[in-house]
There are 2 protein chains.
Amino acid sequence: MSSPNDAVPRDNATPWLDTAVGYALRRAQMKMFQHLVDSLASYDLRPAQFTALVILEQEPGLMQADLARRLAIEPPQLVLLLNKLERQGLAERVRGTQDRRAYALHLTDQGRALVGELKERAAASDRAASASLDDAERAELLRLLRKLNGDLG
Amino acid sequence: MSSPNDAVPRDNATPWLDTAVGYALRRAQMKMFQHLVDSLASYDLRPAQFTALVILEQEPGLMQADLARRLAIEPPQLVLLLNKLERQGLAERVRGTQDRRAYALHLTDQGRALVGELKERAAASDRAASASLDDAERAELLRLLRKLNGDLG
DNA sequence: TATTGTTATACTCTATAACTATA
DNA sequence: TATAGTTATAGAGTATAACAATA
């Protein structure tokens with residue numbers, strides 16, 4: 001017999017799925033993701049579009065290929081995402097001065113004005129969708145997830 | 001200013017994304033899910049198909065609508081999933097005796113023989129994809145995720 | 001008339017290859 | 001010849017409506 005974590009007492013009455021981190025992770029992610037989708041719907045933004053705005057606020061001037069890598073999407077997908085953000089007046093492509101193939105990506109004034117409100121919305125969604133945890137548990141969950149992801153800090 | 005968890009000291013130098021449980025959760029889930037996809041690829045099984053086998057092992061005789069609900073997929077998707085498991089000789093539909101519209105779902109002998117090996121594979125994938133956590137941390141992560149999901153126990 | 005499972009269909013997401021314009 | 005971005009296209013995954021058989 002085998003279970004995902006041998007530190008968990010292996011009770012034969014415990015369903016296998018209840019011992020799998022990946023299964024619990026998937027269900028948690030679906031729940032929180034859907035909550036965020038609903039929270040951003042009135043802005044006509046999807047989670048990836050919101051994340052792009054947050055990254056561009058923190059690192060203005062990024063190239064498209066770099067932003068695509070940050071979002072873990074392929075360049076062709078990023079084209080569509082950026083087209084939408086430009087149509088919404090939230091971000092813009094600025095032709096590179098040195099390399100005229102590349103674009104430097106920036107938020108517009110409107111985008112900069114909106115992103116703070118979006119972060120508050122998303123933060124509220126984060127808290128609401130994990131309301132069964134207290135603040136200390138949420139902080140510990142975040143720490144463990146970031147360690148799993150190989151993040152520093 | 002706002003962050004997803006007010007118990008986390010709100011350092012203005014900390015990028016907002018690093019404070020969001022949902023973002024860390026999504027990245028962790030993608031990493032573990034992809035690892036499982038690779039681990040099951042040689043069996044020509046996807047995670048949802050594997051999960052269906054595990055559920056049917058534990059609860060033989062389920063109806064399709066019930067299994068669909070467990071997997072959080074729509075009935076039409078489950079039809080295709082079951083067709084594939086039947087083609088692979090791992091599960092079968094048995095016409096209900098009382099209600100002849102419904103099917104009782106069961107593993108075949110071959111399915112029962114395989115599911116133990118699959119669970120070991122999946123458990124190894126679970127551990128490998130979260131190798132940056134020690135056993136105590138993995139157990140605590142599982143506990144917090146299950147609490148977030150509203151699971152009992 | 002309602003329910004179980006199925007089919008048909010469309011919509012989203014994602015991945016790949018081929019194209020353009022610069023370098 | 002290589003690279004940044006784009007276009008075109010096709011493959012999954014997912015959701016909805018309509019249908020057949022049974023209750």
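Each chain gets a letter, A, B and so on, in the order its sequence line appears, and its residues count up from 1. On a predicted model such as this, the values are computed, not experimentally measured, just so you know.
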Of the options Arg69(B), Arg70(B), Gln64(B), which is the one that meets Asp66(B) in a side-chain hydrogen bond (donor to acceptor under 3.5 Å, both in side chains)?
-> Arg69(B)
Below 4.0 angstrom from OP1 or OP2 of dG5(C), is there any side-chain N or O of Arg93(B)?
-> no
Assess whether side chain to side chain contact (heavy atoms under 4.5 Å, CB included) is satisfied between Leu25(B) and Leu145(B), documenting all intermediate values.
-> CA-CA 10 Å; Leu25(B) 204 46; Leu145(B) 289 171; 3.8 Å; yes
Results of side-chain hydrogen bond (donor to acceptor under 3.5 Å, both in side chains) for Glu117(A) - residues two or more places apart only = Tyr43(A)
Going 5' to 3' through nucleotides 17-23 of chain C and flagging B where a protein heavy-atom sits under 4.0 Å of the base, S where only the sugar-phosphate is that close, and - otherwise, we get B---BBS
Atom [atom1] of [X] to atom [atom2] of [N]: distance rounded to whole Å?
| X | N | atom1 | atom2 | result |
| --- | --- | --- | --- | --- |
| Glu74(A) | dT16(C) | CD | C1' | 9 Å |
| Leu62(B) | dG5(C) | CG | P | 11 Å |
| Glu86(B) | dT6(C) | CD | C1' | 13 Å |
| Leu67(A) | dA4(D) | CG | P | 14 Å |
| Asn83(A) | dG5(D) | CG | C1' | 11 Å |
| Met30(A) | dG13(D) | CE | C1' | 12 Å |
| Lys84(B) | dA12(D) | NZ | P | 11 Å |

Pair Glu137(A) + Arg143(B), salt bridge at N-O below 4.0 Å = yes
Proximal nucleotide (of [options]) relative to the [X] side chain:
| X | options | result |
| --- | --- | --- |
| Ala102(B) | dT16(C), dC13(C), dG5(C) | dG5(C) |
| Gln64(B) | dT6(C), dT16(D), dT6(D) | dT6(C) |
| Gln77(B) | dG13(D), dG5(D), dA15(D) | dA15(D) |

Starting at CG of Leu53(B), measure out to CD of Gln88(B) and round the result to the nearest 0.5 Å.
-> 8.0 Å
Have Asn83(A) and Arg93(A) got a donor and an acceptor in their side chains that come within less than 3.5 Å?
-> yes
